[in-house]
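Bear in mind that the values here come from a model prediction, so they are computed numbers and not experimental data. Just the heavy atoms: all of them, side chains too, but no hydrogens, waters or symmetry mates, feed the values below.
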Number of protein chains: 2
Amino acid sequence: MSVTIKDIARLAGVSHTTVSRALNDSPLINPETKERIHAIAESLNYTPNYNARSLVLDRSYNLGLFFSTLHTGTSAGFLYEAIKGVNDVIQDNFNLIVRGIDDYKSFHKVNRKSFDGIIVMSQSTSDQAFIEYASEKEIPLVVLNRPVEGVEVMNLLPDDRGGAFRLAEFLIGQGHRRIALIEGKAGFKSSQARREGFLAGLAEHGLTMDENLIVPGEYDLESGYQGMGRLLDLPERPTAVFCSNDDMALGAVKAVTERGLSVPGDISVAGFDDHLFSAFMTPALTTVRRPIEEISRAGAEKLLTFIDNKVVEKSTVLFHTELVIRESVQSTQGGR
Amino acid sequence: MSVTIKDIARLAGVSHTTVSRALNDSPLINPETKERIHAIAESLNYTPNYNARSLVLDRSYNLGLFFSTLHTGTSAGFLYEAIKGVNDVIQDNFNLIVRGIDDYKSFHKVNRKSFDGIIVMSQSTSDQAFIEYASEKEIPLVVLNRPVEGVEVMNLLPDDRGGAFRLAEFLIGQGHRRIALIEGKAGFKSSQARREGFLAGLAEHGLTMDENLIVPGEYDLESGYQGMGRLLDLPERPTAVFCSNDDMALGAVKAVTERGLSVPGDISVAGFDDHLFSAFMTPALTTVRRPIEEISRAGAEKLLTFIDNKVVEKSTVLFHTELVIRESVQSTQGGR
DNA sequence: TTGAAAGCGCTAACAT
DNA sequence: ATGTTAGCGCTTTCAA
């Protein structure tokens with residue numbers, strides 16, 4: 001068996017209580033005793049049993065980072081940025097448990113005892129039940145990325161709508177009138193917000209979108225490729241295409257070049273997210289930056305203060321999304 | 001406070017022992033009693049306290065997935081595939097704790113009580129101390145992706161060397177003689193194995209590599225871009241460039257097209273990994289498939305059997321890497 | 001088939 | 001400044 005505070009107590013000739021206090025750096029303990037105990041602990045290679053501590057302190061040292069799904073619809077870049085952002089903040093103090101909500105058969109194992117706090121990186125309303133569950137259980141909670149309705153939570157999200165709006169205006173400013181849209185995954189809030197923002201941006205300039213120029217997508221590379229294929233088969237092609245994320249934009253560009261056409265020479269393409277690879281695509285992608293890592297970081301910080309102060313604040317914070325102009329959109333006059 | 005087995009016992013008019021047994025589906029308990037207890041537990045919305053259970057059973061239900069680092073050198077695709085592979089296997093039975101080894105100030109919190117098992121997704125020898133630590137502590141352990149020396153462990157890895165070897169042969173078969181290499185991150189085992197395999201492949205056909213045609217890289221997009229820039233500035237350019245991973249290949253292609261040259265028309269480019277985006281690049285990338293998700297899945301399965309059977313097997317398994325021929329490499333005669 | 005009692009390793013009142 | 005004692009919620013002998 002492994003060494004416990006009782007073993008240390010025996011060797012130090014004190015009670016295990018004293019050992020516990022010494023190891024927790026209690027001011028009550030004589031500095032010399034403290035030092036002696038620390039030395040013994042060190043030499044015995046003692047490590048505390050966190051399960052025992054958790055049991056009495058009612059704290060798990062676990063933080064959950066939950067995604068709507070870890071399967072389709074969650075891009076590698078998204079997962080990466082979210083984990084990085086959260087991980088940077090929590091440091092050594094918590095275990096970061098990563099999971100797809102759709103992997104749970106039941107939420108039984110999700111409770112205050114097992115999670116000191118939860119971050120939901122939400123993409124669709126499919127996880128609404130989970131959010132309500134966590135909220136009811138009064139687990140400290142922040143929901144990132146999509147707006148939550150029906151239940152009050154701390155809610156941090158990118159301004160998808162505003163970004164798409166500004167992108168539409170930019171496209172129009174470049175002279176485009178016949179503009180197409182490859183939608184994001186059906187049911188995802190971001191898909192909807194981006195479409196709405198985009199259409200609103202067009203409307204702002206008196207344009208409405210031809211229904212035939214809206215094609216469905218799944219947020220993955222393949223569906224961008226397929227979607228663009230359909231648009232190119234149209235008798236009258238669009239001059240510009242807004243892909244609801246960068247992954248689809250990459251696929252879309254592929255479909256264009258494969259037919260011997262060029263981006264942006266023959267057709268302009270824009271994306272959304274500003275993934276790491278977007279600046280390195282050929283041509284470099286014009287897109288909208290969505291600050292996922294920043295949101296994740298902010299969410300983790302909020303959560304930690306909730307846990308420390310035992311108060312959860314409930315409000316919505318919108319993070320700015322920024323138009324990033326690169327090379328994949330050209331003016332209809334030629335040139336960028 | 002939350003409901004415990006004692007609360008259930010009181011309501012059911014039995015001892016808490018009986019409740020414990022009933023809930024764990026012990027054959028000793030009368031079916032009717034069992035049913036009654038289950039019903040009460042259900043109605044009370046009982047969830048077990050895993051900390052208490054962990055304390056007595058000496059099991060944490062935690063699995064660690066540790067990366068050498070979560071910062072530079074770990075690409076989004078790599079993280080994504082690793083998490084997906086492991087997550088698919090462990091289902092609902094364990095918490096998956098994700099962490100960068102370089103985030104630990106000390107390994108104190110890593111022990112048998114806190115982790116039922118550990119998967120190290122290792123990229124460099126910088127995590128050697130951690131692997132040795134986990135091995136000494138006798139935590140069930142598998143190490144993926146890089147060969148481990150100096151300590152016996154279960155070790156699953158891709159055949160980086162063989163893949164690079166075959167790629168070199170392919171390039172030569174396409175008529176290339178002046179071939180360059182953009183290396184992976186210094187210190188990473190994979191960088192070394194790929195270089196060695198590649199040089200061996202050249203040597204097999206009597207070629208040696210010009211020192212000037214080897215440039216350093218960091219496994220990220222930017223360094224691929226920079227590296228290719230340096231190669232293009234050479235008085236006598238290579239006809240083909242092997243980038244040690246796909247991320248760098250994407251950056252490299254960018255550097256080529258930015259100078260008004262084309263891939264593969266003016267220069268051929270190959271990568272390694274076969275990331276999701278590689279097939280969708282323009283041109284589609286010729287590369288070597290490294291089955292990270294498959295390795296992760298196999299690693300997780302191994303680990304679970306170790307935990308179940310309380311035996312750890314120690315051996316090395318090499319996973320095949322496959323040449324994937326697409327469009328970015330052209331024969332020096334023209335055409336693919 | 002069930003219950004009583006002990007104990008997992010720790011922290012925290014309450015003494016002293 | 002230190003020790004005694006109880007208890008967190010659970011599983012598991014041992015006894016009935």
Side-chain angles (χ1 to χ4, degrees), chain A residues 1-41 44-62 108-116 137, chain B residues 1-41 44-62 108-116 137:
Chain A
M1 278 315 289
S2 38
V3 17
T4 73
I5 52 172
K6 284 186 185 164
D7 300 321
I8 299 177
R10 207 173 306 121
L11 285 172
V14 296
S15 78
H16 72 278
T17 310
T18 301
V19 175
S20 170
R21 284 200 266 251
L23 261 21
N24 288 310
D25 212 29
S26 154
L28 298 171
I29 302 294
N30 186 319
E32 284 144 35
T33 323
K34 211 181 266 186
E35 207 164 317
R36 192 156 46 89
I37 290 174
H38 270 113
I40 297 176
L44 257 43
N45 223 324
Y46 168 78
T47 60
N49 184 323
Y50 281 86
N51 291 319
R53 183 183 282 177
S54 288
L55 180 57
V56 41
L57 291 185
D58 216 30
R59 258 161 109 343
S60 62
Y61 305 98
N62 286 164
H108 249 69
K109 289 184 183 166
V110 182
N111 51 57
R112 281 191 74 99
K113 311 278 185 196
S114 297
F115 292 94
D116 289 346
K137 289 258 173 182
Chain B
M1 278 315 290
S2 38
V3 17
T4 73
I5 52 172
K6 285 186 186 166
D7 300 321
I8 299 176
R10 207 173 305 121
L11 286 172
V14 296
S15 77
H16 72 276
T17 310
T18 301
V19 174
S20 170
R21 286 201 263 251
L23 260 21
N24 287 311
D25 211 28
S26 154
L28 298 171
I29 302 293
N30 186 320
E32 283 143 35
T33 324
K34 212 181 263 185
E35 206 164 319
R36 192 155 45 91
I37 289 173
H38 270 114
I40 296 176
L44 256 43
N45 223 326
Y46 168 79
T47 62
N49 183 323
Y50 282 85
N51 291 320
R53 182 182 283 177
S54 289
L55 181 57
V56 40
L57 291 185
D58 214 30
R59 259 162 111 335
S60 63
Y61 305 98
N62 286 163
H108 249 71
K109 288 184 182 165
V110 182
N111 51 58
R112 283 190 73 99
K113 311 279 184 196
S114 297
F115 292 93
D116 289 347
K137 289 257 175 186

**Study point:** Rounded distance (Å) that lies between atom P of dC8(C) and atom CZ of R112(B)
**Key:** 18 Å
Check your understanding: Which parts of residues 22-40 of chain A get close to DNA chain C, meaning a heavy atom less than 4.0 angstrom away?
Key -> N24(A)
Check your understanding: For the pair made of NZ in K6(B) and P in dC10(D), what is the distance, rounded to whole Å?
Key -> 9 Å
Practice item. Please check the phosphate of dT11(D) (OP1 and OP2 only) for any side-chain N or O of R53(B) closer than 4.0 Å. Key: yes
Review point. Are S2(A) and R112(B) side-chain neighbours, meaning at least one heavy-atom pair lies under 4.5 Å?
Key: no
Point to revise | Modelled atom types, side-chain donor and acceptor of T17(B) and S20(B), under 3.5 Å | key: no
Can you pull every protein N or O that's under 3.5 Å from an N or O on nucleotides 4-6 of chain D?
unit_1 : atom_1 : unit_2 : atom_2 : d
dT4(D) : O4     : T17(A) : OG1    : 3.1

Check your understanding: Given atom CG of D58(B) and atom C1' of dT11(D), what is their separation to the nearest angstrom?
Key -> 12 Å
Practice item. Please report, rounded to the nearest Å, how far the C1' atom of dT11(C) is from the CD1 atom of I5(A). Key: 8 Å
**Study point:** Proximity to the side chain of A52(A) - top-ranked nucleotide from dC10(C), dC10(D), dT12(D)
**Key:** dC10(C)
Study note, to complete from the structure: So CD of E35(A) and NE2 of H38(A): to nearest 0.5 Å the spacing works out to 9.5 Å
Practice item. Sort out for me which residue in L55(B), N51(B), N49(B) forms a side-chain contact (heavy atoms from CB on, under 4.5 Å) with S54(A). Key: N51(B)
Exercise for review: Run the salt-bridge test on K34(A) and D25(A) with the 4.0 Å N-O cut-off and return the result as yes or no.
Suggested key: yes
Check your understanding: Does a side-chain heavy-atom distance below 4.5 Å link K113(B) with Y50(A)?
Key -> no
Review point. Just checking, any donor-acceptor pair under 3.5 angstrom between side chains of N111(A) and S114(A)?
Key: yes
**Study point:** Atom-to-atom span, OH of Y61(B) to P of dG9(D) - whole angstrom
**Key:** 17 Å
Review point. Y46(A) side chain N/O closer than 4.0 Å to the phosphate oxygens (OP1, OP2) of dC10(C)?
Key: yes
Study note, to complete from the structure: Rounded to whole Å, CZ of R59(B) lies from C1' of dC8(C) at a distance of 16 Å
Point to revise | Rounded distance (Å) that lies between atom C1' of dG9(D) and atom CG of N49(B) | key: 6 Å
Point to revise | Short side-chain to backbone donor-acceptor contact, D116(A) and R59(A), under 3.5 Å | key: no
Exercise for review: Between G13(B) and V56(B), name the one whose nearest nucleotide on DNA chain C is closer to the 5' end.
Suggested key: G13(B)
Revision key, fill the gap. The residue among N30(A), L11(A), V19(A) that forms side-chain contact (heavy atoms from CB on, under 4.5 Å) with I37(A) is V19(A)
Review point. For the pair made of CZ in R10(B) and C1' in dG9(D), what is the distance, rounded to whole Å?
Key: 13 Å
Review point. With sugar-phosphate meaning primed atoms plus P, OP1 and OP2, does L55(A) contact a base, only sugar-phosphate, or nothing at under 4.0 Å between heavy atoms?
Key: base
Exercise for review: Give T4(B) one of three labels, base, sugar-phosphate or nothing, depending on what nucleic acid heavy atoms sit under 4.0 Å from its own.
Suggested key: sugar-phosphate
